[in-house]
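Please read the structure below before turning to the comments.
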Amino acid sequence: MGKRVFVLAETKDGKLRHVSYEALTVARQVAQGGEVNCVLFGPSSVDFTDEISKYGANKLYIVNDNRVDIYTTDAYVQTVSQLVNEIEPDVILMGHTAIGKDLAPRLAARLKFGLISDCTEVVPDGDNIVFSRPIYAGKAFQKRRFRKGLVFATLRPNNFEALEKPTKTEVVLFEPTIKDLRTIVKEIVKKTAGGGDLSEAKIIVSGGRGVKSTEGFKPLQELADVLGGAVAASRGACDAEFCDYSLQIGQTGKVVTPDLYIACGISGAIQHLAGMSNSKVIVAINKDPEAPIFEIADYGIVGDLFEVVPLLTKDFKKTLTVNA
Amino acid sequence: MNILVLLKQTFDTEENIVIENGQISEENVEFIMNPYDEYAVEEAVKIKEEIGAEITAITLGPSRTASALRTALAMGADQAVLIEWDEQEADEWTASNLIAAVVKNRDFDLILGGNMAIDSGSGQVAIRVAEKLGIPHVSTITKLTLNDGTATVERDVEGDVEIVEIQLPFLATTQQGLNEPRYPSLPGIMKAKKKPLKTFSVEELSLENEDVTTATVIIDQYLPAKKQAGQILEGELQDQVSELVQILQNAAKVV
């Protein structure tokens, strides 16, 4: 039986977020011939209609109200609750992003729904849907399903295929009733240099205590720039104040699953491994051949990162320009 | 000022996970207070030291969970509440209903809790509690400044900082960077033993059956597939680097 699915899509820095393409693809799979609805917020939403069509949404709701230009919990919860009442979906999907993490639990509580967060696999099983998600930061996984009623999940970025399936999309302007906003966003201080969210990065160059200083992260940043990736760090590097905690990967930091994770001067404490061991390809660069990071690395170079990393940057620069 | 801190007891981050018959084994496991909740306790204690506050730490779980509450009391909380829950982990729906049932009869100006627990990692319960209480929330805060009846907070939003104004009472979920949680002092640990720790059974909270029945069911728990042993490159450093670049581009195709 076809299901009616509702996807909250997101834009960031003038682009549709990759996780939204992933969510639309999952939506089509679980809809099983049913209807995929999608919402986008903000004045530029209409520019993404073609993209949304390409990924198979049958209906795109656009919310163009200046009170949702910047995310606030109250404005979004009110708007999305009203959309849920309008669409009456069987399944709601959103990215496990800053917005998804803040909005989904609040929406679930308001509408008295269950919610399965941070899913890495979604498999239709007859009329039901089985969700897999990491626990203990990926040291283990669990499969969960809903007892009954509406299905609501957030999806971890970078874990699903984004497949095109063009369709005709009906565009609907949705005017929400928004009132009593209880938080005011005074300012947003951009600290990420356009690199975007670590959870969505395809390539991550990560540094540990072996990087030795803030200055020591420079060669890592250069390599990341050449590869179009992002820089991250281990807890050791953050605790030593080489970099900001927002870059920390691990059980008490971010959990990431990029295509390529290059660990530089990271020994590989169990807490760090929990945050990155599900990356597709792991490269370790470390002076200590006994470092535990080599046990989970696909490729390892035993050597000084300050020699290896600049050589990598140089080689990639060469080959990437040749291929370009 | 009354501050409530919602916390959870979790496995120590050093622990490996062992699964027996689909259940996560607790044998020989060291338990700690969820590290994100330590920031919440620390922030509450800092406020208490600066302007005075009565701090109540609240959790849900089997009797072993009391030790996490004692840690909070040793750090400076004044009293603690344990909701006894001996079954398999409550899902976020059930946990938030139980906690909200305890909180709604209390006075509070501020509720703090970690932005997620390092075991289940879903980050839902505190935010659900805020909704059930009808108060606003701010998530993943890295700075909290209380003014007269309002607060200015800084939030970590995917690495950027968002500065938000909000009126009390509200709930905030705490993020790394907010503070440096203290270690309980020996006198603190001694004092904690005498501080009130009240337990509630689920029956005492007189909730409807549907509020206590989980919305979701765990079907299976399993360990990820073990990674195959990797390849340590050999030879001259420049040759290793060239080989790696070649592999990543042409064999692994990740660049």
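To find a chain, count down the sequence lines: A is the first, B the second, and so on, and within it residues start at 1.
Only the side chain of B:Pro35 comes within contact range of chain A, with at least one heavy atom under 4.5 Å from a heavy atom of that chain. Residue contact with chain B, scored on non-hydrogen atoms closer than 4.5 Å, involves the backbone and the side chain of A:Thr97 alike. For A:Ile203, the part lying under 4.5 angstrom from a heavy atom of chain B is the side chain only. For a residue to count as touching a neighbouring chain, one of its non-hydrogen atoms must lie under 4.5 Å from one of that chain's; by this rule A:Val283 touches chain B with the side chain only. Using a 4.5 Å cut-off between heavy atoms, B:Tyr222 contacts chain A through both its backbone and its side chain. Interface remark: A:Arg156 contributes no atoms to any contact with chain B (heavy atom separation under 4.5 Å). Looking at A:Lys101, only its backbone comes within 4.5 Å of chain B, counting heavy atoms on both sides. For A:Thr73, the part lying near chain B is the side chain, with the backbone staying farther off; criterion is any non-hydrogen pair under 4.5 Å. Neither the backbone nor the side chain of A:Glu200 comes within contact range of chain B; no heavy atom of the residue lies under 4.5 Å from a heavy atom of that chain. Contacts of B:Glu15 with chain A are made by backbone atoms alone, with heavy-atom separations under 4.5 Å and no side-chain atom involved. B:Gln167 touches chain A through its backbone: at least one of N, CA, C or O sits under 4.5 Å from a heavy atom, while the side chain does not. In this structure, no portion of B:Glu38 lies under 4.5 Å from any heavy atom of chain A. When heavy atoms are compared at a cutoff of 4.5 Å, A:Ser279 approaches chain B solely by way of its backbone atoms N, CA, C and O. Both the backbone and the side chain of B:Asn16 come within contact range of chain A, judged by heavy atoms closer than 4.5 Å. When heavy atoms are compared at a cutoff of 4.5 Å, B:Leu248 approaches chain A solely by way of its side chain, counted from C-beta outward. Neither the backbone nor the side chain of A:Asp244 comes within contact range of chain B; no heavy atoms are under 4.5 Å apart. Neither the backbone nor the side chain of B:Thr94 comes within less than 4.5 Å of any heavy atom of chain A. With a 4.5 Å cut-off on non-hydrogen atoms, A:Ala297 touches chain B through its backbone but not through its side chain. Residue A:Pro134 touches chain B through its backbone alone, counting heavy-atom pairs closer than 4.5 Å. When heavy atoms are compared at a cutoff of 4.5 Å, B:Ala130 approaches chain A by way of both its backbone and its side chain.
Contacts with chain B were tallied for A:Glu307, A:Lys112, A:His96, A:Gln251; A:Gln251 has the most, counting heavy-atom pairs under 4.5 Å. Ranked by non-hydrogen atom pairs under 4.5 Å with chain B, the options A:Val281, A:Thr154, A:Val77 are led by A:Val281. In terms of heavy-atom pairs under 4.5 angstrom with chain A, the leader among B:Val164, B:Ile219, B:Ile232 is B:Ile219. Per-residue heavy-atom pair counts under 4.5 Å with chain A were compared for B:Asp220, B:Leu223, B:Ile247, and the maximum is reached by B:Asp220. Between chain B and the residues A:Asp259, A:Asp315, A:Ile188, the largest count of heavy-atom pairs under 4.5 Å involves A:Asp315. Heavy-atom pairs under 4.5 Å with chain B were tallied for A:Leu227, A:Val302, A:Leu115, A:Val130; the largest tally goes to A:Leu115. Here A:Arg133 is the residue among A:Lys202, A:Glu295, A:Lys314, A:Arg133 with the most heavy-atom pairs under 4.5 Å with chain B. Highest contact tally toward chain B, considering only A:Lys186, A:Arg182, A:Lys254, A:Gln142, is held by A:Arg182 [criterion: heavy-atom pairs under 4.5 Å].
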Please determine whether side chain to side chain contact (heavy atoms under 4.5 Å, CB included) holds for the pair B:Asp119 and A:Ile135, giving the CA-CA distance in whole Å, both sets of side-chain angles, and the decisive distance to 0.1 Å.
CA-CA 6 Å; B:Asp119 50 6; A:Ile135 50 176; over 6 Å; no
Would B:Gln124 and A:Ser117 count as a side chain to side chain donor-acceptor pair (under 3.5 Å) here? Give the steps. CA-CA 8 Å; B:Gln124 292 187 32; A:Ser117 305; 2.8 Å; yes
- Pair A:Arg147-B:Thr213, side chain to side chain contact (heavy atoms under 4.5 Å, CB included): steps then yes or no: CA-CA 10 Å; A:Arg147 275 188 205 279; B:Thr213 310; 3.6 Å; yes
Practice prompt. Check the pair B:Leu237 / A:Ile301 against side chain to side chain contact (heavy atoms under 4.5 Å, CB included), numbers first and verdict last.
Written response: CA-CA 8 Å; B:Leu237 198 54; A:Ile301 293 183; 3.9 Å; yes
Practice task
With side chain to side chain contact (heavy atoms under 4.5 Å, CB included) as the test, would you mind laying out the steps for A:Tyr245 and B:Asp156 before giving the verdict?
Solution key: CA-CA 10 Å; A:Tyr245 277 115; B:Asp156 166 29; over 6 Å; no
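Looking only at atom types and distance, the side chain of A:Asp102 has a donor-acceptor partner in the side chain of B:Ser139 under 3.5 Å away. No hydrogens or angles considered: a donor-acceptor pair under 3.5 Å links the side chains of A:Thr319 and B:Gln249. Side-chain contact, B:Thr13 with A:Gln271: a donor N or O sits under 3.5 Å from an acceptor N or O.
Summarising the geometry, atom NZ belonging to B:Lys132 is positioned 12.0 Å from atom CZ belonging to A:Arg106; distances are rounded to the nearest 0.5 Å. Distance CD1/A:Ile270 to CD1/B:Ile17: 7.5 Å, rounded to 0.5 Å. Remark: B:Lys253 NZ to A:Leu260 CG distance equals 14.5 Å, nearest 0.5 Å. Separation of atoms CG (A:Leu311) and OG (B:Ser242) is listed at 8.0 Å; rounding is to 0.5 Å. For the atom pair CD of B:Gln221 and OG of A:Ser132, the computed distance is 11.5 Å after rounding to the nearest 0.5 Å. Distance check: B:Arg128 CZ to A:Phe113 CZ gives 10.5 Å after rounding to the nearest 0.5 Å.
For the pair B:Tyr36 (side chain) and A:Thr252 (backbone), a donor-acceptor distance under 3.5 Å is present. With hydrogens and angles disregarded, no donor-acceptor distance shorter than 3.5 Å links the side chain of B:Glu158 to the backbone of A:Leu198.
Under a 4.0 Å N-O distance rule, the pair A:Arg144/B:Glu92 qualifies as a salt bridge.
The closest side-chain heavy-atom distance from B:Thr216 to A:Phe131 is not below 4.5 Å.
Of the residues listed (B:Val129, B:Val125, B:Thr173, B:Ile127), the one engaging A:Pro105 in a side chain to side chain contact (heavy atoms under 4.5 Å, CB included) is B:Ile127, and it is the only one.
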